[in-house]
Amino acid sequence: MTLAAQIKQVAEQALKSLFPEADIQPSQITVNQTKPEFTGDYTLVLFPFVKALRQKPDELGRKLGDYLVQQGDLFVSYDIVSGFLNLTVKDEYWTNFLVKEYNHTSFGARPVNGKRVMVEYSSPNTNKPLHFGHLRNNFLGYAVANILQANGYEVIKANLVNDRGIHICKSMIAWMRYGNGATPENTGIKGDHLVGDYYVKFNDIYKEEVAALTANGMDEATAEKEAPIMKEAQDLLRKWEAGDAEVRELWKQMNGWVYKGFEETYGRLGVNFDQMYYESDTYLLGKSLVEDGLKKGVLFKKEDNSVWIDLTDEGLDQKLLLRGDGTSVYMTQDLGTAQLKYNDYKLDQSIYVIADEQNYHMQVLKLILKKLGEPCADGVYHLSYGMVELPSGKMKSREGTVVDADDMIDEMIALSQQQTEEAGKTEGFTQDELATLYNTIGLGALKFYLLRVDPKKRMIFDPKESIDLHGFTATFIQYAHARICSILRKEQVPMVPPAETFSNFTSTLPVLPAEKKMLLILEQYPAILENAGSEYNPSLLCNYCFALAQQFNSFYDEHSISKAENEEKKQLRLMLIVMTAQVMRNAMQLLGIRLPEKM
RNA sequence: GGUCCGGUAGCUCAGUUGGAUAGAGCAUCAGCCUUCUAAGCUGAGGGUCAUUGGUUCGAAUCCAAUCCGGAUCACCA
């Protein structure tokens, strides 16, 4: 149990035994960390009780404070400041905590809870390369999956690839018309980029053709439908659906190029998947669900034979589930895929990492599953995140106004190289080690930049401003970690010392303020990790790690570790920094960010 | 128009069920490297928490209304 929770419990007990006649609700008890300008570690707010107990705040505080200090073994003293009971925890608690946990490699992780959850993320279209917005999705999904795992869940990372449909046909038709047999091999262009180039080409030609038609007097709406290249793309889609061998062959080939490109990018990003789903396999699913729904009377048919669900009593609209000709729509296949996932893995929870533009769709999906009585319905959770936009607005791959993911990675690595060289910190590294270091710093900065903001908030990225390597960044945390490792190397203490290393440590001296600040924050890690899991919010770990590194840097500045005042302080501080580095590594690893031992 | 999300320092963002004088980073300014890594530390300036009203011992936080920004409401995916 966390210290804050313990204090809450002890306070409740104290109130009950001091005022047995009063009705104290646990929810009334608020325990906060004491503000730095007051003495104390944790603070109990007295106001909620003054009325019920008919006590003046300060009197109540004295009674409570006396009781807590005398009866319990947690506090050494208390202080009352206008209605706030500031409690100081015994040094003994802190040193015991440190000795017990300093080399605990999985500190904060929770035991397996027997629940299985799928995190679907990335889910790219195969007609273009990944851009900056996809990065947020990938980092978020990967981090949330790790965080849930650390919270005891069995996690399956899934990727539902949108490999069929009109978008890929657009790339295909442009390649057929203008490609001259271009391949990644004979052009040297990465496969996903090559296919993306033809997607852009399609849109250029399409625009020209529409312009030509309107110039001849056709109205725009008709022109958009009648443009030859669009009709050819649609024709291609029909052929694809009919199983035309030639079309399928080209489709397979071009998708193959894209997959190879994606694989490379995923590798650089450090993300991976346990289960791939392809829409070409799943797009026909869901029809049987619709049939069942009709039988159950949950769905209804219109005159033209199309199938609908009425959600007006939920404040929503009617939603189409099957076209008049019996073909399925997006929602139909999503229903089927939800069922498929559930049947494949018997999931307790199914998380979809999808941008907030699909909030309505996901809300409706869950609702329909519920109305159909599907067991997977309750577990469906939309992890909705805000889109990454440019100062000029949304990124549009059709118009080529995107920040490409591969380019961004290259830029970040180059930036970290440049700044490392400028700082003159390249000595003592081999070329290979430097390459690894630049990668660690560059990708760390990129990931942290995208993960540090509350997922549901949209964010604006200005490509003109490079991502900072100072302040609230991964670099800051990496640097603190490297400093710790440097001390440990010097003192010949392993990163994870065996239990006997500090077995002769005994605590006799007071814990100093800077030391206690670190212990306070370290003790809070398990609670932060749990929160990050229950809220699906990696940014909590970003904030936490930054605060921890900040605290360490202040500590480092104020107290020497190697040349501590005496042996006891040296040992205590070594344990302190061992644990700090361990917690940093654990938390950052969940975010997919590595911490160098030297930088 | 309906629904949902957001509005906190010049900029980017924290602020965990309502708690003390609203905090970080960037940028600006002033200090700190014969001492474990200065990618760091210390300090200063900078705020009508969009607006108004309400709830109460207490509101950035809860409620209502208004203003601004965004998303969505397809026989698209």
Side-chain angles (χ1 to χ4, degrees), chain A residues 4 27 30 32 34-35 37-38 43 45-48 50-51 57 81-84 86 125 162 164-167 279 283 302 304 306-308 314-317 319-325 327-331 333-334 355-361 363-364 384 386-387 389 393-394 416 419-420 422-423 425 441 449 452-454 456-462 465 468-473 475-480 482-491 524 527-528 531 534-535 537 539-540 542-543 546-547 549-550 552-564 573 577 598-599:
Chain A
S27 63
T30 38
N32 300 323
T34 304
K35 302 262 178 224
E37 55 267 38
F38 304 103
T43 295
V45 185
L46 298 168
F47 298 111
V50 296
K51 217 176 224 172
V81 181
S82 57
F84 295 89
N86 299 327
N125 291 352
N162 190 358
R164 51 132 250 137
I166 191 70
H167 50 85
E279 282 202 14
Y283 82 109
K302 289 195 177 172
D304 65 351
S306 58
V307 180
W308 296 72
E314 311 276 349
L316 305 172
D317 303 315
K319 189 84 188 169
L320 175 87
L321 294 182
L322 223 47
R323 295 190 183 99
D325 61 6
T327 56
S328 50
V329 291
Y330 188 42
M331 185 60 80
Q333 59 174 290
D334 268 4
D356 60 10
E357 59 184 354
Q358 294 201 32
N359 284 355
Y360 181 74
H361 177 80
Q363 188 190 352
V364 170
S384 166
M387 312 261 281
E389 293 179 16
K394 265 173 119 166
S416 64
Q419 300 215 6
T420 305
E422 276 172 15
K425 299 201 171 214
I441 296 174
Y449 182 84
R452 68 184 196 181
V453 181
D454 186 332
K456 66 173 177 290
K457 293 198 174 175
R458 73 197 170 101
M459 53 193 297
I460 295 169
F461 173 67
D462 189 344
E465 295 168 18
D468 211 326
L469 263 42
H470 300 271
F472 185 25
T473 63
T475 316
F476 184 94
I477 296 154
Q478 289 169 329
Y479 184 64
R483 280 174 140 183
I484 291 176
C485 292
S486 171
I487 299 169
L488 295 180
R489 269 195 305 275
K490 188 180 162 194
E491 295 298 327
Q524 290 166 355
I528 300 287
N531 243 338
S534 60
E535 291 177 24
N537 187 352
S539 77
L540 299 179
C542 292
N543 284 303
F546 178 65
Q550 227 176 5
F552 166 76
N553 280 331
S554 296
F555 175 79
Y556 176 91
D557 194 64
E558 190 177 339
H559 298 295
S560 179
I561 292 134
S562 299
K563 295 182 183 161
R573 287 174 196 168
I577 64 170
K598 225 167 70 171
M599 68 186 279

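Note on naming: letters A, B, ... go to the chains in the order of the sequence lines (proteins, then strands), and numbering restarts at 1 for each one. Bear in mind that the values here come from a model prediction, so they are computed numbers and not experimental data.
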Peer 1: Hey, does the side-chain of A:N86 have a donor or acceptor N/O within less than 3.5 Å of a partner on the base of B:A20?
Peer 2: yes

Peer 1: Can you see if the side chain of A:K457 gets near the phosphate of B:G7 - specifically, an N or O under 4.0 Å from OP1 or OP2?
Peer 2: yes

Peer 1: Tell whether A:T420 reaches the base of B:A39 with its side chain through a donor-acceptor pair below 3.5 angstrom.
Peer 2: yes

Peer 1: Compute whether any side-chain donor of one residue and acceptor of the other, for A:N359 and A:S384, lie under 3.5 angstrom apart.
Peer 2: yes

Peer 1: Grab the CD1-P distance between A:I166 and B:C76 for me, whole Å please.
Peer 2: 11 Å

Peer 1: Give me the distance, rounded to whole Å, that separates B:G15 from B:U8 when you measure between the C1' atoms they each carry.
Peer 2: 9 Å

Peer 1: Is the side chain of A:S486 donor-acceptor paired with the backbone N or O of A:A482 at a distance under 3.5 Å, no angle test?
Peer 2: no

Peer 1: Using modelled atom types only, decide if a donor and an acceptor are shared between the side chain of A:R452 and the backbone of A:T473 within a distance under 3.5 Å.
Peer 2: no

Peer 1: Any side-chain N or O of A:Y556 below 4.0 angstrom from OP1/OP2 of B:A38?
Peer 2: yes

Peer 1: Spell out yes or no: do the side chain of A:T43 and the base of B:A20 have one donor N/O and one acceptor N/O closer than 3.5 Å?
Peer 2: yes

Peer 1: Within a strict 4.5 Å, meaning less than it, do heavy atoms of the A:M599 and A:K425 side chains meet?
Peer 2: no

Peer 1: Report the secondary structure of RNA chain B in dot-bracket form, marking unpaired bases with a dot and bases paired to a different strand with |, and treating Watson-Crick or G-U pairs with both distances under 3.5 Å as paired.
Peer 2: (((((((..((((.....[...)))).(((((.......))))).....(((((..]....))))))))))))....

